[in-house]
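Take a look at the structure below.
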Amino acid sequence: MAYWRSMSNNDIPAVTYVADKIHSNLPESPSVFEERVKLFPEGCLVLATERQEIGGYIILHPIRQRSPPALDTLLGEIPQDADQYYIHDLAILPKFQGRGFAAEGVREILEVSNSYSTTSLVSVYGTSPFWGRFGFEVRPVEARMSAKIRGYGDDAI
């Protein structure tokens with residue numbers, strides 16, 4: 001059985017492995033994951049088995065409204081005027097998929113996010129119906145964000 005727990009720096013190699021397997025066309029360096037754990041640990045979870053095999057991860061952190069970071073970018077800090085939570089990533093290895101772990105992880109991080117009025121994300125790989133189950137809606141991409149969103153892939157919304 002697997003469960004969601006807080007991510008630690010010791011998990012970064014396994015998280016990077018999961019990211020590389022799930023997002024092979026959207027690579028991010030281990031330093032991105034390390035920084036997210038440092039800056040906002042309460043928004044970083046891993047899906048772990050009792051033997052501590054990592055089957056997935058989810059990362060969320062505060063941002064300025066409608067200003068998601070570009071992929072593979074260090075934040076430096078959480079902005080003092082952050083007014084929205086951002087789901088940076090959710091990735092689960094195939095052998096852990098289809099068992100409700102993604103929905104469980106999203107529910108957990110949405111509890112963390114309740115101190116801001118909104119939470120946002122960039123949906124890739126046609127996952128907007130999944131996110132719609134949690135109240136996320138597709139919004140038009142503002143001109144100032146279009147280049148950044150294209151960096152997430154041609155199907156990013």
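Residues: numbered from 1 along the sequence shown.
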Smallest separation among heavy atoms of Arg107 and Phe134, with atom names: CG-CE2, 4.1 Å
Point-to-point distance, once rounded to the nearest 0.5 Å, from CG of Leu75 to OH of Tyr86: 10.0 Å
In one Ile/Leu/Val/Met/Phe/Trp/Tyr side-chain cluster, 4.5 Å: Met7, Leu90: yes
Shortest non-hydrogen separation from Pro94 to Ile22 and the atoms involved: CD-CD1, 4.0 Å
Donor-acceptor under 3.5 Å (Gln97 side chain, Ile92 main chain): yes
Main-chain N/O of Ser29 paired with Asp72 side-chain donor or acceptor, under 3.5 Å: yes
Nearest atoms (heavy-atom pairs only) where Asp81 meets Arg64: OD1-NE, 2.7 Å
Spatial distance of atom CG (Leu74) from atom CD (Glu35) [nearest 0.5 Å]: 4.5 Å
Distance in Å, Leu121 CG paired with Ile109 CD1, rounded so as to fall on 0.5 Å steps: 8.5 Å
Gap between atom CD1 of Ile54 and atom OG1 of Thr16 - 0.5 Å precision: 11.5 Å
CD on Glu137 to OG on Ser120, rounded to 0.5 Å: 13.0 Å
Single-linkage hydrophobic cluster, 4.5 Å side-chain cutoff, Ile58 and Tyr3 together: no
Shortest non-hydrogen contact between Pro68 and Tyr152, atoms and distance: CB-OH, 4.4 Å
Trp4 side-chain N/O to Phe101 backbone N/O, donor-acceptor pair under 3.5 Å: yes
Candidate pair Leu60 and Thr119, rule side chain to side chain contact (heavy atoms under 4.5 Å, CB included), full reasoning: CA-CA 9 Å; Leu60 157 123; Thr119 301; 4.2 Å; yes
Within one Ile-Leu-Val-Met-Phe-Trp-Tyr cluster: Val32 and Leu71, side-chain cutoff 4.5 Å: no
Considering all heavy atoms, the nearest Arg66-Pro140 contact: NH2-O, 3.0 Å
Heavy-atom check, side chain of Phe136 versus side chain of Ser123, under 4.5 Å: no
Short N-O contact, Arg5 and Asp11, less than 4.0 angstrom: yes
Nearest non-hydrogen partners of Ser128 and Ile157, listed with the distance: CB-CD1, 3.6 Å
Residues Glu53, Lys95: salt bridge by 4.0 Å N-O rule: yes
If you look only at distance, which donor and acceptor atoms sit under 3.5 Å apart when one is on a side chain in residues 39-48 and the other is two or more places apart or in another chain?
none

Parallel, tilted or perpendicular: ring planes of His61 versus His88, cut at 30 and 60 degrees: tilted
